[in-house]
Amino acid sequence: MPELPEVERARVRLDAAVAGRSIVAVNVLHRNVARRVSARAIASLAGAGIVGVTRRGKHQLIRLQDGRTVHAHFRMTGDWHIDRASEPLPRFARAVIVLDDGSRVVLDDPRALSTLDIHAPGSEPDLGLGPEPSDPAFTVGWLREAFGKRRGPIKPVLLDQRVVAGLGNIYAAESLWMARISPATPARSLDDRELVRLRSAIVRVIERASGSRYREGSSRFSVYDREGERCRRCGAKIKRIVQSGRSTYYCSGCQRGQRRARVSRAPRSARP
DNA sequence: CGTATCCTGACC
DNA sequence: GGTCAGGATACG
């Protein structure tokens with residue numbers, strides 16, 4: 001459950017569960033999730049008091065009273081499962097943090113691609129992140145500069161966390177749809193009007209996803225995972241392509257990359 | 001820059 | 001049995 005809004009919700013739940021508590025024990029159930037951390041470092045968490053949890057991009061930072069930071073990243077499929085330590089573990093439990101009030105935080109992740117790291121006191125991890133969409137520093141000027149260095153298509157650039165922190169594959173596609181920009185448009189060829197549209201689209205897409213918790217059933221995306229369906233804006237078909245090994249969904253009708261220099265500039269034939 | 005890789009499950 | 005998966009990074 002990645003992407004900024006989902007991670008922020010997870011952070012809020014985690015913070016409510018752990019702030020002010022102390023750790024009784026941490027158990028790593030799948031080696032991959034703590035592959036960069038020694039067993040000793042894990043064991044040394046026992047007894048530590050927890051100040052609270054912050055977030056940057058998709059990273060969650062659990063601040064300990066002794067100055068250390070436990071750094072969690074869900075990657076593709078991680079989530080927190082918070083319950084009582086006496087409950088049976090969920091099927092995909094990968095790590096467990098037992099707290100001093102008998103509650104428990106379980107890192108629940110079928111693919112076990114999530115990561116846990118521990119940072120020493122005073123060593124703030126360099127996460128290599130650009131501004132969050134909500135940051136005043138996330139400006140058209142910032143995007144112009146970031147895109148100017150990139151020769152490739154815009155969509156993969158939007159997934160670069162140094163450009164904008166927290167944007168993932170779904171909301172990158174949704175943002176490009178909202179801004180009516182083709183995902184194949186070379187990043188550095190975007191003009192100012194497109195940059196303005198794209199910046200505000202990203203902000204709005206993230207804001208909206210942050211506000212409304214998703215409802216099952218109703219398709220909550222405009223293009224993501226909607227290959228072959230009709231665009232709700234222009235009625236053309238949603239297509240799927242692969243860019244940098246990831247699926248990109250977009251509307252073949254209303255997302256124009258102004259330079260797709262094809263012969264026919266004839267308008268697409270009527271919509272049904 | 002694109003591609004492979006970590007890992008496991010769901011789905012065709 | 002093959003393909004794909006909401007991420008990030010190491011590598012060619």
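Labels below follow one simple rule: chain letters A, B, ... track the order of the sequence lines, proteins then strands, and each chain is numbered from 1. None of the values given here were measured: they were computed from a predicted structure.
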Let me know the distance between [atom1] of [X] and [atom2] of [N], rounded to the nearest Å.
{"X": "A:Gln60", "N": "C:dG7", "atom1": "CD", "atom2": "P", "result": "15 Å"}
{"X": "A:Gln243", "N": "C:dG6", "atom1": "CD", "atom2": "P", "result": "13 Å"}
{"X": "A:Asp79", "N": "B:dT8", "atom1": "CG", "atom2": "C1'", "result": "17 Å"}
{"X": "A:Arg111", "N": "B:dC11", "atom1": "CZ", "atom2": "P", "result": "14 Å"}
{"X": "A:Leu159", "N": "C:dG7", "atom1": "CG", "atom2": "P", "result": "7 Å"}
{"X": "A:Leu107", "N": "B:dT8", "atom1": "CG", "atom2": "P", "result": "14 Å"}
{"X": "A:Leu127", "N": "C:dG7", "atom1": "CG", "atom2": "C1'", "result": "14 Å"}
{"X": "A:Met76", "N": "C:dT9", "atom1": "CE", "atom2": "C1'", "result": "13 Å"}

Problem set entry | A:Lys239 side chain reached by A:Val223 side chain, heavy atoms, under 4.5 Å | no
Classify [X] by what it touches in the nucleic acid, base, sugar-phosphate, or nothing, heavy-atom distance under 4.0 Å.
{"X": "A:Ser247", "answer": "sugar-phosphate"}
{"X": "A:Tyr224", "answer": "sugar-phosphate"}
{"X": "A:Arg240", "answer": "sugar-phosphate"}
{"X": "A:Gly152", "answer": "sugar-phosphate"}

Exercise. Paired stems touching DNA chain B, three or more consecutive Watson-Crick or G-U pairs with both distances under 3.5 Å?
Worked result: B:1-6 with C:7-12, B:8-12 with C:1-5
Phosphate OP1/OP2 of [N]: any [X] side-chain N/O under 4.0 Å:
{"X": "A:Arg150", "N": "B:dC1", "value": "yes"}
{"X": "A:Lys58", "N": "C:dA8", "value": "yes"}
{"X": "A:His30", "N": "B:dT8", "value": "yes"}

For this session: Can you tell me, in whole Å, how much space there is between the C1' of C:dG6 and that of B:dC1?
Result: 24 Å
Exercise. When rounded to the nearest Å, what value does the distance between P atoms of B:dC7 and C:dC11 take?
Worked result: 16 Å
For this session: Would you please classify the geometry between the A:His59 ring and the A:His71 ring as parallel, tilted or perpendicular, with 30° and 60° separating the classes?
Result: tilted
Exercise. Is it the case that A:Ser247 and A:Arg240 place a side-chain donor and acceptor less than 3.5 Å from each other?
Worked result: yes
Exercise. Between the side chains of A:Thr115 and A:Arg75, is a donor N or O closer than 3.5 angstrom to an acceptor N or O?
Worked result: no
For this session: Would you state whether a donor and an acceptor, one from the side chain of A:Arg246 and one from the base of C:dA5, lie under 3.5 Å apart?
Result: no
For this session: Quickly, which of A:Val18, A:Ile23, A:Val106 forms a side-chain contact (heavy atoms from CB on, under 4.5 Å) with A:Ile97? Name it, please.
Result: A:Ile23
Exercise. Counting only heavy atoms not in A:Arg84, do more than 12 fall under 6.0 Å of its CZ?
Worked result: yes
For this session: Decide if the gap between the ring center of A:Trp80 and the ring center of A:Phe74 is smaller than 6.0 angstrom.
Result: yes
